[in-house]
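Written below as structure tokens is the structure these notes are about.
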Amino acid sequence: MDTKIKIIIASVLKPVNDVRSYHKIGRSLAQTNKYDVNIIGFKSKKINKAENISLHPIYNFQRNAFSRIKASWKYYKLYLKVKPQIIIVSSPELLLVNYFIRILFGTRILYDVQENYVGNIKFGSTYNSLIKPLLILGIRSVEWISRYFVSGYLLAEEVYTEQLSFIHGKKYEVISNKTLLKVEYNKETPFKIELNRAVKIVYSGTIGKEYGANEAVNFCRSLHEINTNIQLLIIGYSSDSQHLKSLKQSIALLPYVQLKGGDYIVPYEEITTELGNADMAIMPYKLNKNLNQRIPTKFYECLALRIPMIIPDNPYWKSILKPYSAAISVDFNRPEPMDFLQKIKTKSFYQQLPGQNIFWKEEESKLLRFISLLNLK
């Protein structure tokens, strides 16, 4: 008789093999052999299923597509089929149907807060000013109600303990997006970047306005005008078809800029391989009040791989990376390519190596302990 505890990990906008849901949370739970993990998300081309994990790619639509309206109904039908004891949900739009499930069946619900969604809308440029207030009101209301239905919260960022008032007085655990990478270092440290050979700069992850894809292209173009050894690889996925179209047009005549992915999900392993082969990683995020004190997952990955980073002039981020001599900050609105290249010539990277605090293992222990404390009787 199978005595494993059934768990659903559900998202609308993430692929079933999403890094956090599948590779981190899902596999950490599955490897204990105590849990039967079921992951719900949208379809992905390459899926390697692990033991004790079932993948349910029930969604296949773009970010703003009308078919998202059907998402909750599809999710509910699959819930009835799986009948889990625990649900870990990361999409606000699935919260309402989970409240209904909690009332009817008493299923334990954890809200995995991967983003400050209200902050994203308020300070971002994705939505126009007319629809913003409605979206903010809707998400804020749904999340606040969670206090009465959710057994606990998983927070992807420490700063959410200050930003999100609906978690106050409730059980939560900060489960940061630290890296899974286990690498054998092949670089001596400290080291310098040689500019008299090809210099590969990688932009990885979500391709979008807020993440600075255009700024990465413009900055590397200005570097290439001075030093033709500069190359740029953009690898990742974009849910914004208009932005992707514009980006493709802007790089069409730039042979030193390559795009991998864009209109399809690039496997995590392929992204980290390209990142590991990079000379530098570029992260030209458009900073705002919502983003300033978040720690990008790529920080942990680059630290593990000893990849120097090009980051915005954010004092908080600089303070995190300064001990390792791991980054150079740039004002992407007013870049000074000559000054940047001069810094590259003189700077020694990774004068101090990161410790175990950048790896997922520590977060895994906190996750398993937090979920084990749920009263399932």
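Sequence positions, counted from 1, serve as the residue numbers for this chain. Computed from heavy atoms alone, side chains included, the values below leave out hydrogens, waters and symmetry copies.
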Nearest heavy-atom contact between Cys220 and Tyr256 is O-CE1, 4.2 Å
### Task
Using a strict 4.0 Å threshold on nitrogen-to-oxygen distance, state whether Asp313 and Lys318 make a salt bridge.
yes
Checklist line | Distance-only polar pair, side chains of Asp240 and Gln242, donor-acceptor under 3.5 Å | finding: no
On a heavy-atom basis, the closest approach of Leu110 and Val150 is CA-CG1, 4.2 Å
Value for CG (Asn333) from NZ (Lys286), rounded to nearest 0.5 Å, stands at 8.0 Å
Closest heavy-atom pair, Ala281 versus Leu275, reported as atoms and distance to 0.1 Å, is CB-CD1, 3.9 Å
Applying the 4.5 Å side-chain criterion to the ILVMFWY set and letting contacts propagate, would Ile136 and Leu130 be lumped into a single cluster? no
message = Checking His23 against Asn17: is there a side-chain donor and acceptor pair closer than 3.5 Å?
response = no
Would you say Asn33 and Asn52 are linked by a side-chain donor-acceptor pair, where the criterion is simply a distance under 3.5 Å? yes
*Hey, are Asn177 and Arg20 close enough side-chain-wise for a donor-acceptor pair under 3.5 Å?*
yes
Is the distance between the ring centroids of Tyr79 and Phe105 under 6.0 Å? yes
If hydrophobic clusters are built from ILVMFWY residues whose side chains come within less than 4.5 Å, do Met338 and Val199 share one? yes
### Query
Counting heavy atoms not belonging to Tyr172, are there more than 12 under 6.0 Å from its OH?
no
Does Lys132 have more than 12 heavy atoms from other residues, nucleotides or ligands lying within 6.0 Å of its NZ?
yes
Q.
Tell me if the NZ atom of Lys366 is crowded by more than 12 foreign heavy atoms within 6.0 Å.
A. yes
* Asked: Got a sec: does the CG of Leu253 have more than 12 other heavy atoms crowding it under 6.0 Å?
  -> no
Interatomic distance, CG@Leu80 vs CD1@Ile101, rounded to 0.5 Å, equals 7.0 Å
Should the pair Trp317 and Tyr285 be assigned to parallel (<30°), tilted (30 to 60°) or perpendicular (>60°) ring geometry? perpendicular
So, for Trp360 and Tyr300, is the gap between ring centers shorter than 6.0 Å?
-> no
### Message
Are there over 12 heavy-atom neighbours, none belonging to Lys347, within less than 6.0 Å of that residue's NZ?
### Response
yes
Closest non-hydrogen atoms of Arg147 and Tyr153, given as atom of the first, atom of the second and distance, are N-OH, 3.4 Å
Review point. Is the distance between the ring centroids of Tyr99 and Phe149 less than 6.0 Å?
Key: yes
- Query: Can the ring centres of Tyr211 and Tyr203 be said to be less than 6.0 Å apart?
  - Reply: no
For Glu336, look at atom CD and say whether over 12 heavy atoms of other residues, nucleotides or ligands are found less than 6.0 Å away. no
For Pro92 and Ile139 the tightest heavy-atom approach is CB-CG2, 4.4 Å
Of Glu363, Gln356, Glu364, the one forming a side-chain hydrogen bond (donor to acceptor under 3.5 Å, both in side chains) with Lys178 is Glu363
Around atom CZ of Arg140, are there more than 12 heavy atoms of other residues, nucleotides or ligands at under 6.0 Å?
no
Check: Under 3.5 Å, is there a donor-acceptor pair between the Asn290 and Asn288 side chains?
Finding: no
Requested in this report: Can you establish whether the number of heavy atoms outside Lys200 located under 6.0 Å from its atom NZ is more than 12?
Outcome: yes
- Message: Test ring pair (Phe, Tyr, Trp, His ring centres under 6.0 Å) on Tyr264 and Tyr237; report intermediate values, then the result.
- Response: CA-CA 6 Å; Tyr264 64 89; Tyr237 172 71; 8.5 Å; no
Is the shortest heavy-atom distance from the side chain of Tyr316 to the side chain of Ile295 under 4.5 Å? yes
